[in-house]
Amino acid sequence: MATRGSCLIPVTGSHGDETNSTNVGIQQPVLCVGLTVVDMVTVAEAYPSEDSDQRAVRFYKQRGGNASNTCTVLSHLGTKCEYLGVLPDSSSPEHSWLIQDFMSLGVAIKGCVFSDKPCPVATVVVSQQTVAQHAMSLADVVFFSKDWARSQGWTDMHMAVKEAGRMCPQNTTVVCPWGDEGAAAWHKDDVITVQAVLPEKVVDTLGAGDTFIGGFLHARTMGLPLEETMSGFLDCFEDAAMQQKQLLRHREEALQYYRDMQIIRQMETKANEMYMERVIRGFCHLYAGEGVVPKDKDKKEFQTCTVHVVEEEADKCRASGCAKGKGGSMHMYCTNFYGGNGIVGAQVPLGAGIALAMKYSKKSNVCVTVYGDGAANQGQIFEAFNMAKLLNLPCIFVCENNIYGMGTSAERASANTDFYKRGDYIPGIWVDGMDVLAVKSATEFAKAFVLKNGPILLEADTYRYYGHSPADTQASYRFREEVQEVRDKRDPINQMKKRILSAELATVDDLQNIDKETGQEVKVAAERSKVDPELPVEEVFTNIYHQPPPDFHVRGCDPTINAATLKPVLKERSSLFIESWTLGLLRGCSYATEATFETRPFKLHKLENGPSTSVKITKEEALQYYRDMLVIQQMETKAHEMCMERVIRGFCHLYFRQVAGLEAVAVGVEHAITKEDAVITSHRAHGWTYMRGVSVLGIMAELAGKASGCAKGKGGSMHMYCTNFYGGNGIVGAQVPLGAGIAFAMKYSKKSNVCVTVYGDGAANQGQIFEAFNMAKLLDLPCIFVCENNLYGMGTLAERASANTDFYKRGDYIPGIWVDGVDVLAVKSATEFAKAFVLKNGPILLEASTYPHKYFHSNIKFLYSFRSREEVLKLDEIAYEWTREPIRDMKKRILSAELATVDDLQNIDNEIRQEVKVAAERSKIDPELPVEEVYTNIYHQPPPDFRVRGCDPTIKAATR
């Protein structure tokens, strides 16, 4: 964008011989004569092709012009120079910054002429008849362009320098750059040429010719002969030029960062004023005080999903708002910015989804997904973490930790406030969020990292000066002195201001001008937002459906529409579906002899010592464990038969047969706790129900939907209960926060009991589980979390569903233990250790490793639909070799220790089979629940005329 035809005249004194001219001006300044223009620069990621729809990355203006640019180059190389030309006077908006730009580089402009005409923009052609001919008679060195040479009829650079040399005094040096062909110089009838150094690819060549001229002049003032100057001057200034170019770039960036932060500060201050004036209504979450993740100044490749930034905030819908006034404080959008999001933490899984779309589309971009410390314990965040890591998505998670979630300090709300470590298997970085340069550096690293390795988590340590919203006075949770101390020591704008001034990148006046400009810009925008028109009422109907249905109306906008007419019409269910099951209890005989057995080693997380691998048990205990596991096995085997006979309908999640090994978990845990302790489990509840004290008949009848069932046939497979057993639960993972609540009640009541909270590996990535972890650890609740890992969540292998399959480590700040879940003695030992631990220290997490041998997630699918027969047979062989079946394992131990004989065990087998058979047969003939019982157990005190739809033929769904 340089001007064409301007001449550069180094003033070196009187003309002399060659000896004198090779040392000209070593201590004298160079005078550069020509025009100054305003270059309007467009930055693109690559040189655009013709008719391209490629968008510019950014625009900016800078001082340009051949003579002006050469002054810049010489100043950076350390050569004194002066500019002579025409500059705009004080009436021009360009006057101040042009003067300041020259002065910041030490370029003298005392001889310039100031005009009331505007500064030229972009390319300017200078009259060859006025400047050029007069300059040639005065200068020691004359430069002219290829364009000017061709206008004189000279066809190549050799001819050009010879002909121009004849127009100059004898000792004048004439230089003409000729584009890709190189450059030529003429002095005393000698012509010296050099070839151009062509880049391998298209690069930024803005001001390249001026750089050549400046380098040439610098080399001559340093005393280099003409030939060396032409061929090797780059060696003299390359390093210095690069450093100065970097410094210039840093200056531009530094001032841009300062301006951006000042804009946000001024905007948020004005927004607070407008809120107090009641121009802005409703929620208004201000951003002032928090460090900002800077945009990439060269490539806008970030797609962002962030929270609560204020712009279009007038109380009534202003059509000029970025979302037409519909979004308000929390819902603003633009290209590749997916908005503020009002639901706490909801933007995080959305951000992971955006990153998935990028990866799926094979784009080399990332998604920056931002949330606050107040949302850091949201379960959906951990679900997003898991999916992002599992798929190695290009997602930068950013936790803006401003220390307070609404009015609650992070330390009170989070068991672990090292939020950058909370991604578990996702790498993390802590960064000073009040330092814009630190955030930029961390983000640059993170972007390069995630494009190769998958997600990363940044914690930006910040602080907010205001309350959660303007309605929050902050008086109840922090003092003014605390806020003022942060303002004094860590304010991001003040820090940047000090850096800019200390590095002499700008003056105090420069920064004050920026402050005034940004303040004025925000003021004008605010005033306009008050007078701009409101959104027409018909616009309220838009942006709801892509294709609105016929006669579409919005409640509250049309007087003919009211809430009553919009009540959903409930569809009548075709039938009332009730699942039912039963369980029973048998106890075996006892012996006095003891034996000690070794278990497989435990794996520990955040524990120095773990359970003992040597377990001593009596004959009575050994046979009881054997009996309990055998009851569960026989009961589940019979339940499967009844499903095939269609006696049991609906879902039936078996605890044996489908999952060989889980019976050892239930039996081992139960024998390590007491009946005063509580247990809550998942939909796979039959074995736990039996171990809690419900009879085999109670379980089998419940499965069959009979009145003799433990829940009167209303609960079925997934909903069985008894004292201190809070059931199976049908919603995946929902029992975990309930278990934490039970543990909280125990602690609140000062009971010396624990709650065992059981879930499967298929639920291990549920966000609510991590929310429960946080509360349990924060309050040190007596809760033993047990993950029954049978390797498959329904039909999906754990390795495909979980980014980290070491589930005992997934509690992060909660200690964990891996235990062989097929070994009832190992489970018992681990649970005894866990109970003693949690009563003193708070929660612990056990992972019981098992394996499903026979069937699918429930009785209605088959194993081979998600595993090959070879895999099952191979694992069965391994299981037999390593005694990986709990009942067979216990049987071998009992016999090897001579705690009982084969006949003793066979008698137990026969007794249990008979009891289960009797219970199953009775469950088939027991009466069903009378219809009036359907009305019970819904309300503690049913309202008058209470009816249940589908149970009374006079009641129909349409009447509701």
Side-chain angles (χ1 to χ4, degrees), residues 2-16 21 24-39 62-121 123-145 148 167-169 171-175 207 209-211 213-218 220-221 244 507 509-510:
T3 59
R4 301 294 185 186
S6 56
C7 298
L8 307 175
I9 309 170
V11 180
T12 58
S14 60
H15 300 292
S21 66
V24 292
I26 295 178
Q27 301 295 331
Q28 296 175 334
V30 177
L31 176 65
C32 300
V33 181
L35 287 181
T36 291
V37 302
V38 176
D39 285 343
Q62 68 177 29
R63 176 171 52 82
N66 288 138
S68 171
N69 287 344
T70 302
C71 286
T72 299
V73 176
L74 291 171
S75 175
H76 288 165
L77 295 175
T79 300
K80 293 182 179 180
C81 61
E82 180 176 346
Y83 170 71
L84 179 61
V86 179
L87 294 175
D89 64 16
S90 58
S91 65
S92 170
E94 313 297 346
H95 173 80
S96 297
W97 75 268
L98 285 174
I99 301 300
Q100 292 174 2
D101 199 24
F102 275 120
M103 293 180 64
S104 66
L105 297 172
V107 178
I109 54 173
K110 58 185 178 182
C112 289
V113 175
F114 292 91
S115 169
D116 59 356
K117 295 182 179 180
C119 188
V121 176
T123 302
V124 177
V125 178
V126 182
S127 171
Q128 60 192 29
Q129 298 299 324
T130 55
V131 178
Q133 292 180 356
H134 179 66
M136 287 182 176
S137 65
L138 300 175
D140 296 306
V141 181
V142 174
F143 296 86
F144 57 91
S145 69
W148 187 81
M167 300 168 60
C168 299
N171 290 324
T172 301
T173 300
V174 179
V175 183
D210 304 322
T211 302
I213 294 170
F216 181 96
L217 292 175
H218 175 73
R220 290 289 277 167
T221 60
Q244 294 298 330
T507 65
D509 291 339
D510 295 335

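The residues of the chain are indexed from 1 along the displayed sequence.
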4.5 Å side-chain heavy-atom contact, Thr70 and Phe143: no

Could you tell me which non-hydrogen atom of Gly65 sits nearest to which non-hydrogen atom of Val37, and how far apart they are? N-CG2, 3.5 Å

Return the OG to CG distance between Ser68 and Asp101, rounded to the nearest 0.5 Å. 7.5 Å

Are the side chains of Cys32 and Leu74 in touch, meaning some heavy atoms are under 4.5 Å apart? yes

For the CG atom of Leu98 and the CD1 atom of Ile109, what is their distance to the nearest 0.5 Å? 9.0 Å

Residues that Thr507 engages under side-chain hydrogen bond (donor to acceptor under 3.5 Å, both in side chains), provided they are two or more places apart: Asp510

Sub-4.5 Å side-chain heavy-atom contact between Leu105 and Tyr83: no

Using the side-chain contact (heavy atoms from CB on, under 4.5 Å) criterion, which residues pair with Leu84? Sequence neighbours excluded. Leu31, Val33

Quick one: CZ on Phe114 to NE2 on His95, what's the gap to the nearest 0.5 Å? 6.0 Å

Distance check, rounded to the nearest 0.5 Å: Met167 atom CE versus Thr172 atom OG1? 11.5 Å

Atom pair CZ/OG1 of Phe102 and Thr36 - distance to nearest 0.5 Å: 3.5 Å

Write out all pairs satisfying salt bridge (Lys or Arg N to Asp or Glu O under 4.0 Å) with one or both partners inside residues 82-92, taking only residues at least two apart or from two chains. none

Quick one: list whatever passes salt bridge (charged side-chain N to carboxylate O under 4.0 Å, His left out) with Glu94, sequence neighbours left out. Lys61

